[in-house]
Amino acid sequence: LSREDFQRIPELAINPLGDRIINAFFPEGEDQVNFRGFMRTLAHFRPIEDNEKIKDQNGPEPLNSRSNKLHFAFRLYDLDKDDKISRDELLQVLRMMVGVNISDEQLGSIADRTIQEADQDGDSAISFAEFVKVLEKVDVEQKMSIRFLH
């Protein structure tokens with residue numbers, strides 16, 4: 001599949017983060033994804049069934065685990081892939097999500113407040129650990145799940 005194939009999907013075309021989601025399917029520098037890579041990325045969105053909540057200590061962590069779902073979401077915000085979400089990155093993603101409906105001044109205020117609330121080590125950015133802490137009460141497993149078959 002190519003990026004253009006994904007861009008033809010109406011739900012991704014209208015999603016403000018559609019380009020970021022599409023990028024998640026493609027390895028760095030690649031313009032095509034094979035079936036295995038496609039399924040690997042899609043697996044992050046598989047709901048966690050009750051029988052899966054008991055983790056196999058010897059096996060690898062499933063792609064749809066809470067931790068992997070959070071890593072996937074974090075990477076949508078970490079535009080420069082430096083393992084931190086800076087104010088500028090947060091502003092860019094917020095701008096993608098709200099378009100011109102909110103002024104730059106209001107977006108800046110939201111970004112500043114978000115960084116201030118999440119940043120625990122004082123580096124003016126959000127690390128993955130800080131991201132996880134902010135979302136500890138959010139039902140990520142439910143919000144990042146798509147039921148493919150019923």
Side-chain angles (χ1 to χ4, degrees), residues 1 3 6-7 9-28 33 36-150:
L1 295 171
R3 291 179 192 276
F6 283 91
Q7 290 166 342
I9 300 170
E11 290 81 2
L12 283 175
I14 63 169
N15 187 317
L17 294 178
D19 285 340
R20 297 292 306 143
I21 294 168
I22 291 169
N23 286 341
F25 281 90
F26 294 89
E28 190 69 35
V33 64
R36 183 184 196 93
F38 172 75
M39 292 307 295
R40 197 165 169 71
T41 301
L42 210 53
H44 288 92
F45 296 95
R46 191 170 66 83
I48 298 173
E49 304 300 333
D50 288 337
N51 61 350
E52 291 178 303
K53 290 184 179 169
I54 302 165
K55 189 177 168 188
D56 177 5
Q57 299 299 332
N58 299 321
E61 187 169 23
L63 290 170
N64 66 331
S65 69
R66 177 179 178 82
S67 175
N68 280 327
K69 286 177 185 280
L70 286 168
H71 270 101
F72 185 92
F74 183 81
R75 287 190 300 266
L76 292 178
Y77 288 88
D78 183 16
L79 303 176
D80 65 5
K81 300 178 183 166
D82 68 348
D83 295 326
K84 290 187 179 281
I85 301 169
S86 69
R87 180 184 188 273
D88 286 342
E89 289 170 316
L90 189 54
L91 268 174
Q92 285 182 57
V93 174
L94 287 171
R95 217 172 267 122
M96 288 177 213
M97 292 176 11
V98 300
V100 294
N101 297 324
I102 296 180
S103 73
D104 282 347
E105 185 177 301
Q106 290 170 311
L107 282 178
S109 177
I110 292 168
D112 289 338
R113 211 168 36 244
T114 302
I115 298 274
Q116 182 180 17
E117 289 176 16
D119 181 25
Q120 296 177 334
D121 61 9
D123 66 350
S124 299
I126 302 171
S127 67
F128 179 68
E130 293 164 340
F131 185 79
V132 169
K133 181 83 173 138
V134 167
L135 294 174
E136 69 185 351
K137 291 184 173 70
V138 175
D139 188 359
V140 173
E141 294 88 341
Q142 184 65 35
K143 292 188 182 306
M144 286 186 65
S145 291
I146 302 169
R147 294 223 174 266
F148 300 102
L149 302 172
H150 294 284

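Because the structure is a prediction, the values reported are computed rather than measured. The first residue in the sequence is number 1, and the count goes up from there.
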Determine yes or no for a side-chain-to-main-chain donor-acceptor pair under 3.5 angstrom, with [X] supplying the side chain and [Y] the backbone.
{"X": "N68", "Y": "P62", "value": "yes"}
{"X": "N64", "Y": "P47", "value": "yes"}
{"X": "R20", "Y": "R75", "value": "yes"}

Which of D78, D119, D123 passes salt bridge (Lys or Arg N to Asp or Glu O under 4.0 Å) with K84? It is D123
Between [atom1] on residue [X] and [atom2] on residue [Y], distance to nearest 0.5 Å:
{"X": "S67", "Y": "F128", "atom1": "OG", "atom2": "CZ", "result": "5.0 Å"}
{"X": "K69", "Y": "F45", "atom1": "NZ", "atom2": "CZ", "result": "7.0 Å"}
{"X": "I9", "Y": "I21", "atom1": "CD1", "atom2": "CD1", "result": "10.5 Å"}
{"X": "Q106", "Y": "N101", "atom1": "CD", "atom2": "CG", "result": "10.5 Å"}
{"X": "R66", "Y": "E136", "atom1": "CZ", "atom2": "CD", "result": "8.5 Å"}
{"X": "L90", "Y": "I126", "atom1": "CG", "atom2": "CD1", "result": "5.5 Å"}

How would you list, by chain and number, every residue that makes a side chain to side chain donor-acceptor pair (under 3.5 Å) with T114, sequence neighbours excluded?
none
Which of parallel (below 30°), tilted (30 to 60°) and perpendicular (above 60°) describes F72 and H44?
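Rings of F72 and H44: tilted, as their planes differ by 30° to 60°.
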Are the side chains of [Y] and [X] in contact, using a 4.5 Å heavy-atom criterion?
{"X": "L12", "Y": "Q7", "value": "no"}
{"X": "L42", "Y": "F25", "value": "yes"}
{"X": "L79", "Y": "V93", "value": "yes"}
{"X": "L63", "Y": "R40", "value": "yes"}

Please report the closest heavy-atom contact between [X] and [Y], naming both atoms and the distance.
{"X": "L70", "Y": "F131", "result": "O-CE2, 3.6 Å"}
{"X": "A24", "Y": "T41", "result": "O-OG1, 3.7 Å"}
{"X": "G108", "Y": "R87", "result": "CA-NH2, 3.4 Å"}
{"X": "A125", "Y": "S86", "result": "CB-CA, 4.3 Å"}
{"X": "I85", "Y": "Y77", "result": "CD1-CB, 3.4 Å"}
{"X": "F38", "Y": "L1", "result": "CD1-CD1, 3.9 Å"}

Taking atom CG as the centre, does N23 end up with more than 12 heavy-atom neighbours from other residues, nucleotides or ligands that are less than 6.0 angstrom away?
yes
Over 12 foreign heavy atoms within 6.0 Å of CZ, F26
yes
With sequence neighbours excluded, tell me which residues meet salt bridge (Lys or Arg N to Asp or Glu O under 4.0 Å) with E105.
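Residues passing salt bridge (Lys or Arg N to Asp or Glu O under 4.0 Å) with E105: none at all.
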N-O pairing of D19 and R3 below 4.0 Å
no
Side-chain ion pair, E130 and K133, N-O less than 4.0 Å:
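Here E130 does not pair with K133 in a salt bridge, since their nearest N and O are not under 4.0 Å apart.
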